[in-house]
Amino acid sequence: MKIAVVTDSTAYLTAETRQRHQIHMLPLVVTIGDKSYQEEVDLVAEEFYPLMKASEDFPKSSQPSIGAMQQLYEKLAQEHDAIISIHLSSGISGTYQNVAALSREYPEFNLHPFDSEISCYVQARFVLEAARLAAAGAEPERIIARLDHMKKRSRAYFMVDDLMNLQRGGRLSGGAAVIGSIMKIKPVLHFSDKKIVVFEKIRTNTRALRRIEELLGQAASQAEYPIVATVIHGNIPEKGQDWLEHLQQAFPDIRFELSYFGPVIGTHLGEGALGLTWTEDTELSYPI
């Protein structure tokens, strides 16, 4: 079968990577003030953070339009036997639900939606694996089963620099954000039940990072297969690279990569956020 692989912009795959693996992208939209941008098309991370800082209005994000989705799937269906469409968690965006609705409305697309229940580079890992399997001739059902298998073995933890972004984006109560900021609490966040929630409240950046490292160590000690981990940063590439190098020394058997929080996820986590994601799998040691 000839299978097309689609994702949205929050996987934060580079244009080169998407082209190399024949991955199609549906961009989410970020609105700052009275201007809207397609993420990863009209606005990239390096441009977004200065705009967010300078704006009096808090950025808003929205999913791709139904029309844009339908247009892409119609085109792909003419040239492919099936479509695998992988998206950010349905707990933080309606993108997946709209794709699922289109799959029911247009059965001729043979569209298979997949809720990553997460975002950023874990989502990207699912996309890359789907593309690899599609190129190898796997059936859609096998690809979805493989992604479900990977989902159970994937984790992501984040540390934010400013709690007020979470509060303004509706991810944390105003009182908790104010108290947390006064006490300099640096919560470790993760995805639970498809949403971004507080995993633990920690008093300093250093302790928060060390706690995430502990979680990686625990996962590595219990892993059946090799782990691939990704450091993700919110417009602080130097700090991200420093942490990556520290982690490489602490965990020499794990392969580490560097990625970033783009405009949509950066809207909620804010500038200065750091995250670590990892995936355990038998077939993830191939280079991207």
Side-chain angles (χ1 to χ4, degrees), residues 7-19 23-65 67-69 87-89 91-95 98 118-124 156 158-174 177-178 180-181 186-187 189 191 195-196 205 230-244 257-277:
T7 191
D8 57 68
S9 53
T10 65
Y12 302 125
L13 288 163
T14 66
E16 179 195 7
T17 298
R18 294 196 307 270
Q19 183 176 9
I23 295 163
H24 305 270
M25 183 186 76
L26 285 164
L28 272 72
V29 176
V30 175
T31 301
I32 305 175
D34 59 356
K35 190 168 183 179
S36 295
Y37 307 86
Q38 292 186 90
E39 181 181 48
E40 299 285 276
V41 177
D42 307 319
L43 185 67
V44 296
E46 293 83 357
E47 300 165 334
F48 165 72
Y49 288 99
L51 283 175
M52 179 173 68
K53 189 180 296 185
S55 176
E56 295 180 0
D57 300 315
F58 189 71
K60 297 178 181 179
S61 59
S62 56
Q63 59 214 34
S65 70
M69 291 180 175
H87 298 285
L88 77 163
S89 176
I92 62 175
S93 170
T95 304
N98 284 344
I118 206 162
S119 187
C120 301
Y121 216 75
V122 177
Q123 179 183 334
F158 316 106
M159 181 202 73
V160 298
D161 193 53
D162 186 355
L163 286 167
M164 299 310 293
N165 273 72
L166 284 166
Q167 186 268 321
R168 293 173 74 186
R171 305 295 176 182
L172 195 66
S173 71
V178 171
S181 295
K186 300 297 181 184
L189 311 170
F191 277 87
K195 297 180 181 179
I196 300 173
N205 285 357
T230 306
V231 172
I232 311 177
H233 68 86
N235 203 37
I236 47 171
E238 296 84 4
K239 289 185 179 180
Q241 184 63 38
D242 288 345
W243 194 27
L244 184 150
E257 299 165 333
L258 188 67
S259 187
Y260 58 92
F261 295 117
V264 168
I265 303 302
T267 291
H268 298 292
L269 299 186
E271 189 171 24
L274 274 173
L276 183 66
T277 72

**Message:** Counting C-beta onward and ignoring hydrogens, is there a side-chain heavy-atom pair between Asp8 and Pro27 closer than 4.5 Å?
**Reply:** no

**Message:** Can you give me the closest heavy-atom contact between Ile265 and Ser119, atom names plus distance?
**Reply:** CD1-OG, 3.6 Å

**Asked** Does the side chain of Tyr49 come within less than 4.5 Å of Phe261's, by heavy atoms?
**Response** yes

**Complete:** Rounded to the nearest 0.5 angstrom, the CG-OG distance for Leu88 and Ser9 is 8.0 Å

**Asked** Taking C-beta and beyond as the side chain, do Pro64 and Leu28 meet within less than 4.5 Å on heavy atoms?
**Response** yes

**Complete:** Sequence neighbours excluded, the answer for side-chain hydrogen bond (donor to acceptor under 3.5 Å, both in side chains) partners of Ser65 is none

**Request:** Considering non-hydrogen atoms only, spot the tightest contact between Gly262 and Ala45 and give its length.
**Result:** CA-CB, 4.1 Å

**Prompt:** Given side chains that start at C-beta, do those of Tyr37 and Pro263 come closer than 4.5 Å, heavy atoms only?
**Reply:** no

**Partners meeting ring pair (Phe, Tyr, Trp, His ring centres under 6.0 Å) with Tyr12 (sequence neighbours left out)** = Tyr260

**Item:** side chain to side chain contact (heavy atoms under 4.5 Å, CB included) partners for Ala156, two or more places apart
**Value:** Ile118, Val122, Phe158, Thr277

**Prompt:** Sequence neighbours excluded, which residues qualify as side chain to side chain contact (heavy atoms under 4.5 Å, CB included) partners of Ser61?
**Reply:** Val264, His268

**Sequence-distant partners of Ala11, side chain to side chain contact (heavy atoms under 4.5 Å, CB included), two or more places apart** = Thr7, Leu13, Gln123, Ala124

**Asked** Quick one: CD1 on Ile32 to CG on Leu51, what's the gap to the nearest 0.5 Å?
**Response** 5.0 Å

**Asked** Do the side chains of Asn235 and Phe48 get nearer than 4.5 Å, heavy atoms only?
**Response** no

**Message:** Do Thr10 and Thr95 have side chains that approach each other closer than 4.5 Å (heavy atoms only, starting at C-beta)?
**Reply:** no

**Message:** Show, in sequence, the C-alpha distance, side-chain angles and deciding distance for Val41 and Met25, and conclude whether the side chain to side chain contact (heavy atoms under 4.5 Å, CB included) test is met.
**Reply:** CA-CA 10 Å; Val41 177; Met25 183 186 76; 3.8 Å; yes

**Request:** Check whether any side-chain heavy atom of Gln63 sits under 4.5 Å from a side-chain heavy atom of Asn98, and report yes or no.
**Result:** yes

**Request:** With sequence neighbours left out, write down each residue that passes side-chain hydrogen bond (donor to acceptor under 3.5 Å, both in side chains) with Thr31, or none if nothing qualifies.
**Result:** Ser36

**Fill in**
With sequence neighbours left out, the residues meeting side chain to side chain contact (heavy atoms under 4.5 Å, CB included) with Leu258 are Val231, His233, Gln241, Leu244

**Prompt:** If you look at every heavy atom in Cys120 and Ile232, which pair is closest and at what distance?
**Reply:** CB-CD1, 3.9 Å

**Request:** Hey, could you give me each pair passing salt bridge (Lys or Arg N to Asp or Glu O under 4.0 Å) that has a residue in residues 35-55? Not counting sequence neighbours.
**Result:** Lys53-Glu271

**Fill in**
Between Ser55 and Gly33 the two heavy atoms that sit nearest each other are OG-N, 4.3 Å

**Non-neighbouring partners of Glu238 that pass salt bridge (charged side-chain N to carboxylate O under 4.0 Å, His left out), sequence neighbours left out** = none

**Message:** The test is side chain to side chain contact (heavy atoms under 4.5 Å, CB included); show your working for Met159 and Asn205 and say whether it passes.
**Reply:** CA-CA 8 Å; Met159 181 202 73; Asn205 285 357; 3.8 Å; yes

**Sub-4.5 Å side-chain heavy-atom contact between Leu274 and Trp243** = yes

